[in-house]
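Only one structure is covered here, and it is reproduced in the block below.
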Amino acid sequence: MALAVGLMTTAVFCGLQAMRAKRLLTAALWLAAVSASVAIALYQLGAPDVAVVELSVGAGLVTILFVFAITIAGDEAMDAPPIMPKWASWLLVLLAVGVVGSAIQATPTSSAAAAEASFTAVFWQERGLDILIQIGLIFAGVLGVLNLLTEEDTPTPSPKDKVP
Amino acid sequence: MDALQKLMFNFFPLLFLFPLAGLLLNVANGRFWHKPIAGIIASSAAGLSFVVAILQWVALLRQPDGTVIILGTWLQVGTLNVPFAFQVDTLSVTMMLVVTGIGTLIHLYAIGYMYGDPGVTRFFVYLNLFLVAMLLLVSAANYPLLFVGWEGVGLCSYLLIGFWFDRGEGGTGNANAGRKAFVVNRVGDLGLILAMGLLFWQLGTLTFDDVFAQATAVFPVGSPLIVAITLLLLLGAAGKSAQIPLFIWLPDAMAGPTPVSALIHAATMVTAGIYLIARSHVLFALAPVSQTAVSLIGASTALLAATIATAQFDIKRVLAYSTISQLGFMVAAIGMGAYVAGIFHLITHAFFKALLFLAAGSVIHGLEHGGHSDPVTLQDMGQMGGLRQRMPITFAVYLVGALALAGIPPLAGFFSKDEILAAAWQANRAVYIMLTLAAFATAFYMGRQVWLVFMGEARSETAVSAHESPPIMTIPLLILAALAIVGGGLNLPGVHTLGHWLGHTLGHGELLSFNATVALTATLLALLAVGLAYWLYGRHPLGAAATDPLTQRLGPLFVLFNQGWWVNEMVEWGIKRPFCHLSTVLAHSDEAIFAWAERQLVHTVQRGTAVLRRTQTGQLNWNVAGIIVGLLLIWLLLRFS
Amino acid sequence: MTQTTVLLLGAVGVLGVGLYGLLRLRNLIQIIVALQILAKAAVLALVVAGKASGHVNLGQSLAVTVIVADTVIAVVGLALAVQVRRRLGTLDVKALATLRG
């Protein structure tokens, strides 16, 4: 219980730090921290399989991807003021959070641990369609990235392009 | 109906199919052939069609009551049933013989006349198309089918008037003349359509036999409805047959090649109105008011056009006004119930007016190909003169045609015109006087024309260098001249061949007896008119630059005649200008009201979209905001609905 | 206050952080970071809901699908960001507002 509160506080705090970070690399690292605290919370909840995936993919692979992309695109500070007025963004965020949060009460709380099939069985046997979609997504993603990254010609190079 | 007659009627569809085949052959292959072949094919088609018409005539000789040939269904809507039905009776076969017979001769002539013209194939395609439409018109057994032919000949008339569409005043004169003919004819067509509508409304049928059978039962004599129907038919006839007030298109129609003027605008198409009234004679018999109107319009047209013809200098314009005048004679005749006289004059007029036009064409052709050609003056009679030695055959046949038209016995025109005058003497003295005056003027202007064109000395280089036309042109002229001489024999007084023949269709009415007084008066007046023409133009042949002696004799009247009583100008100022002004006003009010409203609408939409456009910033953050707002709205919808 | 409620509240909080980032940030890569944070919230909520309704493995399966999809989104998004940086010389989303053929 206390651990859950602590983990959630950590996740929200790290998320805010990621948003407020001046450097992209810092933001990516704070994101990894969010991912890690969520993974621990999942493990605590009794979902070790997805916790492992979250930790390895969310905290590991994605962070590496970010570091890779930031290395190419350049880690520059962005001091420009936000486009949207502060009050408007806060209003929208609070509205959204309020609407979603109000739904928490409606969640059924039957913690009756029914005799459920193991994760492997559920994942591989009952969610076959999801797996197919995931495979399709992964292929599409790989193809898209290859296409984007191998296109070397730059029609309108700008002076800032020299930054590696 | 015996077997042989049936067999001959079976050939009837070929009447159309030959010209249709001719025109399709020329359309498909014309560009690959040596040019004269198109003319030969078209002439053969016309000739074969003439043979078929003769077959129908022979068939009718065995049993003259005629028949209706149904080739299929065209329209079947509700109670309206319009089959492809064709009336083969004495009236339609007479018209078929005239159309195909004269048509064939004119086709042959046109081979020579149009030789070397780059558009000769197109010309013969139009001519064959005209034959198809005209034969459809005269053989249809119901009004809609007749109307198809009616519009078809109108189309061909338009196409052929504007055949040399790049010539004429300002390069568009001929095209404008064609358009004028087309538009004026539409006014008449409106009358015909309305008459058809009224007939169908009242009788439920448009087939000739049924209409005429029911009309006598449905309409009492002189009832307003039948008067309206017949007056509308008269309007249609006035458009096609160039009667007051719709005659203004015909003189301009002379912009077409001369064979066209001869075939369409003298011999055949313009007689369609007379045919229409003769065909609908049962209806007109029910409306004495309309009959009087018909004869008065015919007689006044005859007189008016004849006076105009006396003061024209263009060789073809004289003949054009003469045609209007002679059509007036026919219309007057059928208005008085003298259908046989009207159709008789139609036939003889087809002979001698086709002859005159073709001979005039021969004159123009002779001038044009003489080496000194100036297109502006080719048709000006003031530039001619002395052509009798240079074009002897043309001169001879022209003389025959002119005498026939003037009504000198024993040529064709004498008999037919005399019959009309005799009928007028009995029916209506006012009409008789007008027609007699018109006949006098006719003889005078033909005499004037012959003297101006052929007698005296050549008044220009062009006239000096003129020469006779080739045999392909002169042979049809000789045949037509022979017909113009003996054509009167068709309906000799006391014998009435044509009268008995047409009686099978038009009803055996009282056959007019020969009226010696009328005949003698007419002949003496004609001779007097010719003598007058000699006195003015023959005693002292005109010099090269002399003015017409008629100018001084008639004074202001000459200007009036020369300008065609300013009928064109009256139409221009009375109808065309007000119409244009009205159109301008309407155009401006359209601009002021509707275009303004449209602009206001556009501005409103623009202002509205300007507001909406500001939300489309293209900024990613705003797009996210939009997504969130959208999700909230969906949630609201689900939550509170 | 049960563990489920706490975790769900935490998920909502993470969601709010992600949305805030999406609305406020201008750097393209940072926006992708915000997207990732949103996805964490979704993963967490799915599993917690599965646990609460007694179908924890079903929740896990769905969460794995979300993670995969989300990773692909990150990959493609980062590749796009790199291309944008190459072509426009900046990662500012404001530069993306220009339409070009």
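Keep in mind that the numbers below use all heavy atoms, side chains included, and drop hydrogens, waters and symmetry copies. Letters A, B, ... mirror the listed sequences (proteins, then strands); counts begin at 1.
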Tell me, side chain or backbone of [X] under 4.5 Å from chain C's heavy atoms, or both, or neither?
X	value
L24(A)	side chain
V34(A)	side chain
W90(A)	side chain
L7(A)	neither

Report the option among [options] that has the most heavy-atom pairs separated by less than 4.5 Å from atoms of chain C.
options	result
A47(A), G46(A), A21(A), G15(A)	A47(A)
A39(A), S118(A), G141(A), A18(A)	S118(A)
L45(A), V93(A), V53(A), V97(A)	L45(A)
S35(A), A28(A), A27(A)	S35(A)

Would you mind writing out the side-chain donor-acceptor pairs for residues 11-25 of chain C within the sub-3.5 Å range, not counting sequence neighbours?
| from | atom 1 | to | atom 2 | distance (Å) |
| --- | --- | --- | --- | --- |
| R24(C) | NH1 | M84(A) | O | 3.0 |

Gap separating the [atom1] atom of [X] from the [atom2] atom of [Y], nearest 0.5 angstrom:
X	Y	atom1	atom2	result
L3(A)	Q3(C)	CG	CD	8.0 Å
K40(C)	L31(A)	NZ	CG	6.0 Å
Q60(C)	T120(A)	CD	OG1	9.5 Å
M19(A)	I31(C)	CE	CD1	9.5 Å

Do [X] and [Y] have side-chain heavy atoms sitting under 4.5 Å apart?
X	Y	value
I83(A)	R26(C)	yes
M8(A)	L7(C)	yes
L46(C)	V50(A)	no

Side chain / backbone / both / neither for [X] at chain A, heavy atoms under 4.5 Å:
X	value
V33(C)	both
D70(C)	neither
V48(C)	both

Fill in: Flag, side chain of Q30(C) to backbone of K22(A), donor-acceptor distance under 3.5 Å
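A pair under 3.5 Å: no.
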Worksheet entry | Distance-minimising heavy-atom pair for L137(A) and V72(C) |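 Scanning both residues completely, I find the closest heavy atoms to be O-CG1, 3.7 Å.
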Determine the option with the most heavy-atom pairs under 4.5 angstrom with chain A, choosing from [options].
options	answer
D92(C), V43(C), I67(C), L28(C)	I67(C)
S61(C), A39(C), G59(C), G10(C)	S61(C)
V82(C), I73(C), L91(C)	V82(C)

Worksheet item: Can you name the one residue among T65(C), N57(C), V64(C), L62(C) that meets side chain to side chain contact (heavy atoms under 4.5 Å, CB included) with R127(A)?
Response: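 Testing each of T65(C), N57(C), V64(C), L62(C) against R127(A), the sole residue satisfying side chain to side chain contact (heavy atoms under 4.5 Å, CB included) is L62(C).
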Fill in: Partner set under side chain to side chain contact (heavy atoms under 4.5 Å, CB included) for L78(C), not counting sequence neighbours
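Partners of L78(C) under the side chain to side chain contact (heavy atoms under 4.5 Å, CB included) test: L65(A), F66(A), A69(A), I29(C), I32(C).
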